[in-house]
Amino acid sequence: AQSVAQPEDQVNVAEGNPLTVKCTYSVSGNPYLFWYVQYPNRGLQFLLKYITGDNLVKGSYGFEAEFNKSQTSFHLKKPSALVSDSALYFCAVRDYGGATNKLIFGTGTLLAVQP
Amino acid sequence: NAGVTQTPKFRVLKTGQSMTLLCAQDMNHEYMYWYRQDPGMGLRLIHYSVGEGTTAKGEVPDGYNVSRLKKQNFLLGLESAAPSQTSVYFCASSFGQDRGYNEQFFGPGTRLTVL
């Protein structure tokens, strides 16, 4: 069965420093991976996805993610964190069970950026 | 475009009461989904639909029913609410499999409390 794991419940980083939010996955075939962000009392917003091609994927708001097949990871990164990046981040993998485009989500990582 | 909208935004129910949550999308998406979000558990799929007139069970379907009578609408019903159904409910939609591996677009959520 497909799954994703976000090993950190919370990540703390100072404004201006680089940030990384970790995600590892387990799939039986080629992985299709997504990152979403959720601001307080809001729905999830799509940040970026990896389907195929370059291992470094660029997304919204200056975020990027690095796909590493050997380590089965898809870590979210940003070179310089902003206080406004503080939010809950979810990694997701597409479920292979039928033509449904279902996503399996991790439990989320709370990013706190201190000024 | 409004994207994905959800009605209502908040609701408080007593145990045993029933209610319907409405999701509407104006992006001509084929697929629609209902999730619940609980602390520490990420998002879990309740039911989904791959087209008008079709529905299927997700990961946590018990106690919920759904209907997709029109392509743009996806209704989630609670026939007899229980305190365990206190949660934040999110609706999402996406293009179908024929359009590739697509991200899901989320609504703003409905916060439901069952007393």
Side-chain angles (χ1 to χ4, degrees), chain A residues 1-10 21 23 25 27 29-53 57 59-60 63 65 67 74 87-110, chain B residues 2-7 9-10 21 23-25 27 29-51 54-61 68 74 88-111:
Chain A
Q2 283 71 235
S3 65
V4 290
Q6 294 182 243
E8 301 157 317
D9 290 336
Q10 182 163 339
V21 182
C23 173
Y25 65 88
V27 299
N30 291 325
Y32 302 109
L33 298 155
F34 302 79
W35 274 103
Y36 285 82
V37 60
Q38 184 181 30
Y39 297 102
N41 300 313
R42 302 287 293 274
L44 276 70
Q45 295 180 30
F46 169 74
L47 279 178
L48 51 81
K49 65 183 176 184
Y50 172 83
I51 303 300
T52 186
V57 179
S60 306
F63 283 93
F67 172 70
F74 188 55
L88 188 57
Y89 290 81
F90 288 99
C91 181
V93 65
R94 181 177 167 272
D95 189 352
Y96 270 82
T100 64
N101 204 34
K102 289 191 292 182
L103 295 179
I104 298 169
F105 286 87
T107 52
T109 298
L110 184 64
Chain B
V4 180
T5 58
Q6 293 182 232
T7 309
K9 288 183 170 52
F10 304 92
L21 283 69
C23 175
Q25 53 91 7
M27 296 175 282
H29 284 166
E30 198 68 31
Y31 295 174
M32 295 187 75
Y33 312 83
W34 275 108
Y35 295 90
R36 59 179 289 172
Q37 182 181 23
D38 301 292
M41 303 189 74
L43 275 77
R44 293 181 292 170
L45 184 64
I46 304 171
H47 286 280
Y48 63 97
S49 167
V50 297
T54 74
T55 62
K57 294 180 179 179
E59 181 185 358
V60 288
R68 183 117 181 254
F74 194 29
V88 181
Y89 292 86
F90 288 102
C91 176
S93 68
S94 76
F95 287 114
Q97 204 79 348
D98 59 324
R99 296 280 293 264
Y101 302 103
N102 300 290
E103 61 271 24
Q104 295 179 11
F105 292 81
F106 282 79
T110 295
R111 187 173 296 274

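Below, read A as the first sequence line, B as the second, and so on, with proteins coming before strands; counting in each chain starts at 1.
A centroid separation of 6.0 Å or more is found between the aromatic rings of A:Phe90 and B:Phe106.
Ranked by heavy-atom pairs shorter than 4.5 Å toward chain A, the options B:Glu30, B:Arg44, B:Gln104 are led by B:Gln104. In terms of non-hydrogen atom pairs under 4.5 Å with chain A, the most contact-rich of B:Tyr31, B:Phe95, B:Tyr35 is B:Tyr31.
Proximity to chain A (any heavy atom under 4.5 Å) is shown, for B:Leu43, by both the backbone and the side chain.
Contacts of A:Ile104 classified as side chain to side chain contact (heavy atoms under 4.5 Å, CB included), with partners at least two apart in sequence or in another chain: A:Gln2, A:Val93, A:Asp95. Here A:Gln45 pairs with A:Val37, A:Tyr39, A:Arg42, A:Tyr61 under the side chain to side chain contact (heavy atoms under 4.5 Å, CB included) rule; sequence neighbours left out.
A donor atom on one side chain and an acceptor atom on the other are found under 3.5 Å apart for A:Thr109 and A:Gln6.
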